[in-house]
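What you see below is based on every heavy atom in this structure, not just the backbone, and it leaves out hydrogens, waters and symmetry mates.
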2 protein chains.
Amino acid sequence: MPLIQEIRRHHNLAELAREHGFRLTTQRRLIFSILESASTHMNAKEILAQARRVDPGIDQVTIYRNLAVLKKLGVVDELDLLHLRGDQHYYEARQDRPHSHVACLQCGKVMEFSSPAMDKISTEIRDELGFSISFMRVEIGGACAECRRKTPLTSPQTKANQNVSRSKKLN
Amino acid sequence: MPLIQEIRRHHNLAELAREHGFRLTTQRRLIFSILESASTHMNAKEILAQARRVDPGIDQVTIYRNLAVLKKLGVVDELDLLHLRGDQHYYEARQDRPHSHVACLQCGKVMEFSSPAMDKISTEIRDELGFSISFMRVEIGGACAECRRKTPLTSPQTKANQNVSRSKKLN
DNA sequence: TTATTGTTGCAAAAGTTTTGCATTAAGAAA
DNA sequence: TTTCTTAATGCAAAACTTTTGCAACAATAA
């Protein structure tokens, strides 16, 4: 990322925070910068792990409280990625362009996709419902090209099968 | 709902379940019928409460396990409604037409909205990514017409403020 | 530099979702 | 219909994630 833009962004965060009576603590700045430079969507635990590489004393609670603040400020969005990766929430720094998350239900890969049709939808909603949109999330589930040939549905709840979801979370 | 369609749907569920090796238990049928006739999105607790009016002995676990199965079968979708109502998940029977959820960030109202532009997006994703879409979820946050004049952002984390989210869940 | 009060960390609690296991019951086969 | 196989249920307990209370700390403005 170009330095100029980075400076501008941080300046904006400081200003934004001050405007709304929030303080810009080192932890808050750290958490935001992690999301800003993240290449994938991260959940609270992942954010914590990465934050501890810089500030080993930082606590989970601080992550949660700051994600809440950053969401309020509108600089971070919360996703659930269709619950493909478990029931946790995922976060990303808000981007300039709205985009869709396209998730493969089989391999779990998540791609991003932007299109003018999304603007079309927002215009319609503004015009037809009198609704003022502040953000938009599009999540799409299906099968990616590579997974097309695999089995389309998992089998019934057998003992072995019931263990999958929780254990997926653990590692 | 017309009787014919109701019969057809239940027939489909039975067939779908059998095809995939799932059994059609009374509890499963009950849970699906609750979602099918629900006018709003329901979370697990609400589904449980309503199910107990018919089958008082039904357990929470059965709700969770069946929601998982119904999701696998593709007849139920899981939403988080932008976490406006807390962090739980919400469920709805899958509808014939894809639709958007338009949620007011201030009053919490959730409206539904359909548009051909949604089909446009799915066509693009199919063509440009080679992705086979099985469903699509659009969630939009903003301010509804009625809420436009209220304050756009809540103030900092004061003691009083921190209590809001959890206590909202409790009642 | 000082006063104010938002913020952090720690420990504990709350709430939701999952697991283990014995028992029950759906659905195919006899 | 009856029998047989095994998916599904219910109960109790556990596992996780997220929130709360509170004393100590630190970011801002005066």
Peer 1: Under 4.5 Å between any side-chain heavy atoms of I121(B) and V138(B), yes or no?
Peer 2: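 Counting from C-beta outward, I121(B) and V138(B) never come under 4.5 Å.
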
Peer 1: Over 60° means perpendicular and under 30° means parallel, so tell me whether H89(A) and Y91(A) are parallel, tilted or perpendicular.
Peer 2: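 H89(A) and Y91(A): perpendicular rings.
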
Peer 1: If you look at every heavy atom in E124(B) and S115(A), which pair is closest and at what distance?
Peer 2: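 What the structure gives for the nearest pair is OE1-OG, 2.5 Å.
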
Peer 1: Using whole Å, report how far CD of Q60(A) lies from C1' of dT7(C).
Peer 2: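 So the two atoms are 17 Å apart, to the nearest Å.
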
Peer 1: Compute the bend angle of the helix from dT1(C)-dA30(D) to dA30(C)-dT1(D) from the end axes (five pairs per end), rounded to 10°.
Peer 2: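 End-to-end axis angle: 50°.
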
Peer 1: How far does CE of M42(B) sit from CD1 of I63(B), to the nearest 0.5 angstrom?
Peer 2: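 It is 9.0 Å, given to the nearest 0.5 Å.
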
Peer 1: Where the side chain of Y64(B) is concerned, which of dT9(D), dT18(D), dT18(C) is the nearest nucleotide?
Peer 2: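 Between dT9(D), dT18(D), dT18(C), the one nearest the side chain of Y64(B) would be dT18(C).
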
Peer 1: Ignoring hydrogens and angles, tell me if any N or O in the side chain of S100(A) forms a donor-acceptor pair with the backbone of F113(A) under 3.5 Å.
Peer 2: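 Yes, because the side chain of S100(A) sits within donor-acceptor range (under 3.5 Å) of the backbone of F113(A).
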
Peer 1: Just how far is it from atom CD of E78(B) to atom OH of Y90(B), taken to the nearest 0.5 Å?
Peer 2: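 E78(B) CD to Y90(B) OH: 12.0 Å, rounded to 0.5 Å.
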
Peer 1: Can you find a side chain N or O atom of N43(A) that sits less than 4.0 Å from OP1 or OP2 on dT17(D)?
Peer 2: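 The answer is no; no side-chain N or O of N43(A) sits under 4.0 Å from OP1 or OP2.
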
Peer 1: Tell me the interatomic distance from L48(A), atom CG, to dT18(D), atom P, rounded to whole angstroms.
Peer 2: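 So the CG-P distance, L48(A) to dT18(D), works out to 12 Å.
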
Peer 1: H89(A) has an atom NE2; how far is it from atom C1' of dT16(C), in whole Å?
Peer 2: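 Those two atoms, NE2 and C1', are 10 Å apart.
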
Peer 1: Which residue pairs satisfy the side-chain hydrogen bond (donor to acceptor under 3.5 Å, both in side chains) criterion with at least one member in residues 53-64 of chain B, sequence neighbours excluded?
Peer 2: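 Those involving residues 53-64 of chain B do not exist here.
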
Peer 1: Within the structure, does a side-chain N or O atom of R28(A) lie under 4.0 Å from either OP1 or OP2 of dT7(C)?
Peer 2: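 It does, given that an N or O in the side chain of R28(A) lies less than 4.0 Å from OP1 or OP2 of dT7(C).
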
Peer 1: Just so I know, are the side chains of L30(B) and N66(B) near enough to count as touching, which here means a heavy-atom distance under 4.5 Å?
Peer 2: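 Not touching, per the 4.5 Å side-chain cut-off.
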
Peer 1: Out of dT9(D), dT18(D), dT8(C), which nucleotide sits closest to the side chain of T62(B)?
Peer 2: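 Of the options given, the side chain of T62(B) lies nearest dT9(D).
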
Peer 1: Without decimals, in angstroms, what is the distance between E78(B) CD and dT16(C) C1'?
Peer 2: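 Going from E78(B) (CD) to dT16(C) (C1'), I get 12 Å.
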
Peer 1: Determine the minimum heavy-atom distance between I58(B) and A51(B), stating which atoms define it.
Peer 2: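 For I58(B) and A51(B), the tightest heavy-atom pair comes out as CG2-CB, 3.9 Å.
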
Peer 1: Is there any protein nitrogen or oxygen under 3.5 Å from a nitrogen or oxygen in nucleotides 24-26 of chain C, and what are the pairs?
Peer 2:
unit_1: dA26(C); atom_1: N3; unit_2: R23(B); atom_2: NH1; d: 3.0

Peer 1: Could you work out which one of dT17(C), dT28(D), dT19(C) sits closest to the side chain of R18(A)?
Peer 2: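 Output: dT28(D).
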
Peer 1: Write down the distance between CZ (R29(A)) and P (dT28(D)), rounded to a whole number of angstrom.
Peer 2: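 For the pair R29(A) CZ and dT28(D) P, the rounded distance is 7 Å.
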
Peer 1: Can a donor-acceptor pair under 3.5 Å be found between the side-chain atoms of R65(A) and the base atoms of dG9(C)?
Peer 2: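 Answer is yes: a donor-acceptor pair is held.
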
